[in-house]
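Order of the sequence lines sets the chain letters (A, B, ...), proteins ahead of strands, with each chain counted from 1.
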There are 2 protein chains.
Amino acid sequence: MANIQQIAQEAGVSVATVSRVLNNATSVTQKTRLKVKRAINELNYEPSMLGRNLRKSESRLILVLLPSISNPFYNEIINGIQNSSIANNYNILLCETDSKPERENIYFNMVKNKLADGVISMDPTVNMQKLNELAKNHPVILCSEYEEGGTIPYVTIDSELAAYQAVKHLIRLGNEKIALISSDEKFLYARLRRAGYERALKEFQLPIRDEWIYHTKELEFQNGVQAMRMLLQLEEKPTAVFAVSDTLAIGALKALKAESELPNPIAVVGFDNISFSNMTYPTLTTISQPMYKMGYLAVDMLMNSMKDEKVESIVLDHELIIRDSTMW
Amino acid sequence: MANIQQIAQEAGVSVATVSRVLNNATSVTQKTRLKVKRAINELNYEPSMLGRNLRKSESRLILVLLPSISNPFYNEIINGIQNSSIANNYNILLCETDSKPERENIYFNMVKNKLADGVISMDPTVNMQKLNELAKNHPVILCSEYEEGGTIPYVTIDSELAAYQAVKHLIRLGNEKIALISSDEKFLYARLRRAGYERALKEFQLPIRDEWIYHTKELEFQNGVQAMRMLLQLEEKPTAVFAVSDTLAIGALKALKAESELPNPIAVVGFDNISFSNMTYPTLTTISQPMYKMGYLAVDMLMNSMKDEKVESIVLDHELIIRDSTMW
DNA sequence: CAATATATTGTAATCGATTACAAAGTAAAA
DNA sequence: TTTTACTTTGTAATCGATTACAATATATTG
């Protein structure tokens with residue numbers, strides 16, 4: 001593969017001139033510009049980004065941290081990030097941490113090593129201390145999951161309010177025994193959604209019972225199935241369930257279908273509005289997050305952060321999508 | 001951020017020695033090694049990959065091309081690719097082409113520009129001509145979708161045989177009117193799966209009727225819903241359906257549930273065994289591809305290709321997973 | 001101890017671009 | 001035709017590492 005020297009030689013000009021042509025600098029005559037372009041075509045030349053990046057000390061790559069790509073919740077956010085990045089002439093590196101510190105370290109090092117220019121983290125399992133450390137010297141934005149009272153800018157929704165509204169919806173439908181399927185409360189979103197759940201129950205003077213609150217280890221479908229099975233084994237069964245994610249809710253629905261001898265249907269509300277939530281039977285009532293927008297904005301914020309502008313955190317609006325799982 | 005010069009100065013040695021310590025070269029005394037390490041810690045130094053990559057003319061990045069991350073089919077493959085890459089000290093760049101040539105060009109240029117060392121393409125919509133061109137100078141492996149009679153090594157399954165077996169299963173259950181929900185036949189997998197479908201029907205002297213073959217534009221759930229609706233409007237309705245992807249099959253199931261006045265249930269078989277396929281109602285009978293393995297092997301093949309070894313294409317085994325959608 | 005072999009360290013070129021500054025060329029003004 | 005102002009081009013330093021080769025230090029041998 002040819003390099004800039006060879007082009008310069010072929011075109012009979014200096015490397016500086018070739019570089020100017022490559023970067024559309026103004027001060028190059030039409031005539032020399034043509035000579036250079038001809039040489040470029042002749043030798044099938046593509047400028048090396050390695051050289052350019054080293055000189056400019058940038059990689060135009062954004063790291064996107066997420067625990068696992070298999071959670072469909074991230075799909076639309078990633079779409080937003082992707083489109084926004086490309087519009088800004090950046091590319092993204094999707095980084096599955098699998099919630100493993102070793103993996104996380106690899107990616108943090110990439111940033112320190114200048115292999116990436118900034119980070120958007122959607123990973124609730126991220127090591128916040130290390131991330132804060134990184135954020136001192138590098139642009140970092142949190143997307144969806146964030147740190148309360150932290151210094152890293154974030155874009156998210158009001159999880160507490162959303163949960164409150166979801167549960168209130170169940171109450172309005174006449175449910176008094178409402179269970180919660182949540183994940184690990186080390187995650188902020190889980191704590192917030194639980195808080196919303198409790199606020200709604202308290203407001204209507206309904207009991208908050210420990211055995212109606214189930215914590216799963218992960219967010220896979222199977223965890224939802226498992227959780228629902230446990231709830232169905234209780235002596236006093238709930239009549240409705242609020243799950244902190246669609247994946248859990250869908251698992252719960254599955255477990256309910258398997259249980260043929262239920263006197264009354266149990267209502268289920270999920271969270272995220274993943275595309276599959278409209279394909280289940282019954283279709284799932286859920287909270288819709290503006291995922292695409294969230295991703296898009298996260299990149300905007302990162303770009304501003306790179307320009308050393310002050311970046312304000314953003315809280316976006318959500319929406320309750322009412323489907324069959326609360327009206328069968 | 002400190003650079004290698006400063007470390008050399010701080011430690012009172014030459015840059016070469018620092019580099020040797022960084023790369024665990026043998027010929028460094030314990031004493032100087034310590035001096036250097038102390039300086040590294042002192043100045044909080046992280047070597048710049050930009051410099052290293054330029055010098056070594058490699059980026060240790062693999063591009064993974066796929067049309068869209070929202071298709072859950074790719075999840076497990078990506079997992080395999082990811083794990084295998086990390087084991088080989090590479091990172092992957094997930095590249096959604098959205099089936100747009102502009103996007104594709106961006107990524108191809110990254111390879112030409114030395115920003116990535118190789119490509120694994122899972123994108124059926126890829127421009128094969130350009131990819132072949134790229135493959136002349138850079139390592140490329142095809143994963144899942146491939147080119148018949150092409151020169152780029154691939155890892156895949158026998159789609160024709162799998163489809164044949166899926167349809168044969170439907171025939172054995174007594175179905176004689178079997179529909180096909182396929183995608184665009186510009187994709188090889190679609191042509192192969194249709195061929196398998198037709199082979200099974202012919203073998204049992206069953207009719208191949210054009211109105212029972214529906215082609216969707218995309219692979220989203222909604223396309224499956226749409227396809228099934230059309231099939232249900234036919235005068236002579238099929239009693240079973242084979243869909244070339246789980247997403248389409250799941251959409252079809254959804255459309256079937258919506259239709260309450262069916263005299264007999266319609267059996268459905270999908271393809272891919274995505275994780276959702278076990279969460280639908282009824283659960284989906286499908287063909288399971290060894291997705292993780294496929295991804296893992298693709299990286300192995302790429303590594304060999306980078307070492308300029310000859311790489312043989314691989315056809316892996318599949319499996320028919322029988323669930324409720326063919327026995328209700 | 002001197003001569004030689006070996007282990008350790010340093011010097012400087014190199015990867016491929018960008019860019020400040022200098023030099024040469026061209027156009028405009030005197 | 002000079003002189004001046006402005007454009008265009010070239011020279012060489014630079015980004016931050018690796019590494020061939022040279023130089024020096026240390027160990028081994030006779």
Students often get this wrong, so: under 4.0 angstrom with heavy atoms, is [X] touching a base, only sugar-phosphate, or nothing?
X      : result
S27(B) : base
L54(B) : base
N23(B) : sugar-phosphate
V13(B) : sugar-phosphate
V15(A) : base

Between [N] atom [atom2] and [X] atom [atom1], what is the distance in whole Å?
X       : N       : atom1 : atom2 : result
Q9(A)   : dT9(D)  : CD    : P     : 18 Å
K114(A) : dG16(D) : NZ    : P     : 6 Å
K31(B)  : dT26(D) : NZ    : P     : 8 Å
R20(B)  : dG10(C) : CZ    : P     : 8 Å
N24(B)  : dA17(D) : CG    : C1'   : 16 Å
I4(B)   : dT9(C)  : CD1   : C1'   : 14 Å
Y45(A)  : dG16(C) : OH    : P     : 9 Å
L22(B)  : dA17(D) : CG    : P     : 8 Å

Item to check | Distance (rounded to the nearest 0.5 Å) between L142(A) CG and M301(A) CE | outcome: 8.5 Å
Checklist entry - For the atom pair CG (N88(B)) and CE (M306(B)), what is the distance rounded to the nearest 0.5 Å? => result 9.0 Å
Checklist entry - Are side-chain heavy atoms of L50(B) and L50(A) found at a separation under 4.5 Å? => result no
Checklist entry - Hey, does V18(B) have a side-chain heavy atom less than 4.5 Å from the side chain of L22(B)? => result yes
Any [X] side-chain nitrogen or oxygen under 4.0 Å from OP1 or OP2 of [N]:
X      : N       : value
S19(A) : dT18(C) : yes
R52(A) : dG16(C) : no
T29(A) : dT7(D)  : no
S48(A) : dG16(C) : no

Next on the checklist: Taking E58(B) first and then R60(B), would you say they form a salt bridge - that is, a charged N and a carboxylate O separated by under 4.0 Å?
Outcome noted: yes
Next on the checklist: Which is more 5' along DNA chain D, the nucleotide nearest T17(B) or the one nearest L50(B)? Just name the residue.
Outcome noted: L50(B)
Item to check | Closest to side chain of A16(A), choosing from dT11(C), dT11(D), dA17(D) | outcome: dT11(D)
Checklist entry - Can you find a donor-acceptor pair, distance only, under 3.5 Å between R55(A) side chain and dG16(D) base? => result no
